[in-house]
Amino acid sequence: MLDEVKVFAPGSVSNVGCGFDILGFAIDGVGDEMILKKNDKNEIVIFPVNGYENLPTDPKKNVAGVAIQALLDDLGSDQGFDIEIVKNIKPGSGIGSSAASAAGAVVAANELLGSPYSRMQLVDFAMIGEEVASGDIHADNVAPATLGGFCLIRGYNPLDVIHINPPKDLWCVVIHPQIEIKTKESRELLSPEIPLKKAIRQWGNVAGLMSGLYTSDYELIGRSLEDHIVEPQRKVLIPEFDELKLSVMEAGALGCSISGSGPSVFALTNGKETADVVAGAMDVVFKRTDLEYKIYVSKVSDEGVKIL
Ligand code: ADP
């Protein structure tokens with residue numbers, strides 16, 4: 001059995017327009033790297049993360065530590081691990097920084113323990129880790145980060161994750177303005193009530209999006225990405241949102257919305273060529289601001305955490 005493993009843990013886009021709290025997909029353009037080593041101290045040791053000195057190293061507060069502990073508790077093991085995280089996804093980005101760490105941690109630990117769990121089972125443990133970041137149980141980032149592709153979280157009790165392979169030419173462009181929005185704060189903006197008319201349009205879109213993904217119907221995917229409920233309430237948090245959306249749609253995107261709880265914004269395209277044009281359009285809008293930002297062009301990835 002291995003004593004040490006290195007993994008790539010992908011970023012992910014959750015909510016995906018109409019699918020608030022139930023949908024997410026993995027991207028391969030940005031992700032964290034993690035190195036896990038077995039130790040003989042029977043404890044989880046997390047090293048300070050270079051460039052992110054504020055990230056907790058206490059294993060009870062870092063999502064990686066909590067996720068691995070959940071796995072060890074289920075297995076009845078007291079194996080210790082040293083964990084090194086190379087963070088490329090800024091926390092509070094809306095592209096699943098904490099989820100990448102939680103998913104990477106459980107996949108790596110599982111590998112070092114002789115793979116007692118399937119990828120699907122690992123989502124449960126990653127989700128327990130993710131809870132310390134957001135204060136809430138949700139799997140719409142950890143499921144795609146662990147499994148890859150699109151994931152539909154149909155229910156939580158018990159967790160019911162439906163994995164969908166992405167259409168082969170589905171590309172994603174993400175712009176990440178370098179400001180932090182905490183998931184907790186972004187959730188507090190949302191009204192708990194939904195007018196029935198809006199709910200009807202929204203579940204029509206969710207069903208349309210699912211159908212579009214299964215049949216690789218890019219036009220249908222585009223029509224269905226609309227979010228009538230969350231985006232209108234949250235877009236105030238995101239600089240230049242309306243202009244950005246208008247420009248990327250003119251540049252040929254299938255659809256565009258907030259990634260996770262923001263501030264990142266994503267657009268989906270049919271093919272890389274359009275994705276590059278869309279990235280250029282995003283760049284033009286943001287160049288006019290004095291904000292720092294990063295743009296990622298990535299295939300919607302059908303791979304979750306990769307063992308390197
Ligand atoms: P994101 O969607 O980018 O994960 P969240 O607001 O959901 O953003 O989570 C970020 C919070 O999670 C921060 O408060 C951060 O301190 C905490 N956190 C704990 N462990 C980790 C980790 N390994 N990686 C990233 N964030 C972590």
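One-based numbering, in listed order, for ligands and for the atoms of each. Nothing here was measured: the structure is a model prediction, and the numbers come from that model.
Counting protein heavy atoms only, atom 6 (O) of ligand 1 is closest to T183 OG1, 3.2 Å. Here the protein heavy atom with the shortest distance to atom 13 (C) of ligand 1 is K182 CE, 4.2 Å. Closest to atom 24 (N) of ligand 1 among all protein heavy atoms lies K87 CE, 3.0 Å. Nearest protein heavy-atom neighbour of atom 26 (N) of ligand 1: L55 CD2, 3.5 Å.
Considering backbone and side-chain N/O of S134, none are found under 3.5 Å from N/O of ligand 1. The distance criterion of under 3.5 Å between nitrogen or oxygen atoms is not met by N54 with respect to ligand 1. At least one N or O atom of V63, backbone or side chain, sits closer than 3.5 Å to an N or O atom of ligand 1.
Atom CG of D74 has more than 12 heavy atoms from other residues, nucleotides or ligands within 6.0 Å. With a 6.0 Å radius and a threshold of 12 heavy atoms from other residues, nucleotides or ligands, E43 has its CD atom above the threshold.
Of all atoms in ligand 1, listed by their number and element, those nearer than 4.0 Å to a heavy atom of P56 are 16 (O), 19 (C). Each of the following atoms of ligand 1 lies closer than 4.0 Å to a heavy atom of K61: 19 (C).
In this structure, G92 has a heavy atom closer than 4.0 Å to ligand 1. Not a single heavy atom of E130 sits under 4.0 Å from any atom of ligand 1.
Y117 and F125 have perpendicular rings, their planes meeting at more than 60° on a 0 to 90° scale where under 30° would count as parallel.
Of all the heavy atoms of A133, the ones lying under 4.0 Å from any atom of ligand 1 are found in both the backbone and the side chain.
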- Item | salt bridge (charged side-chain N to carboxylate O under 4.0 Å, His left out) assessment of R187 paired with D21 | CA-CA 11 Å; R187 289 186 97 84; D21 265 5; 2.5 Å; yes
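Checking A99, G262, S98 against atom 9 (O) of ligand 1, the nearest heavy atom belongs to S98.
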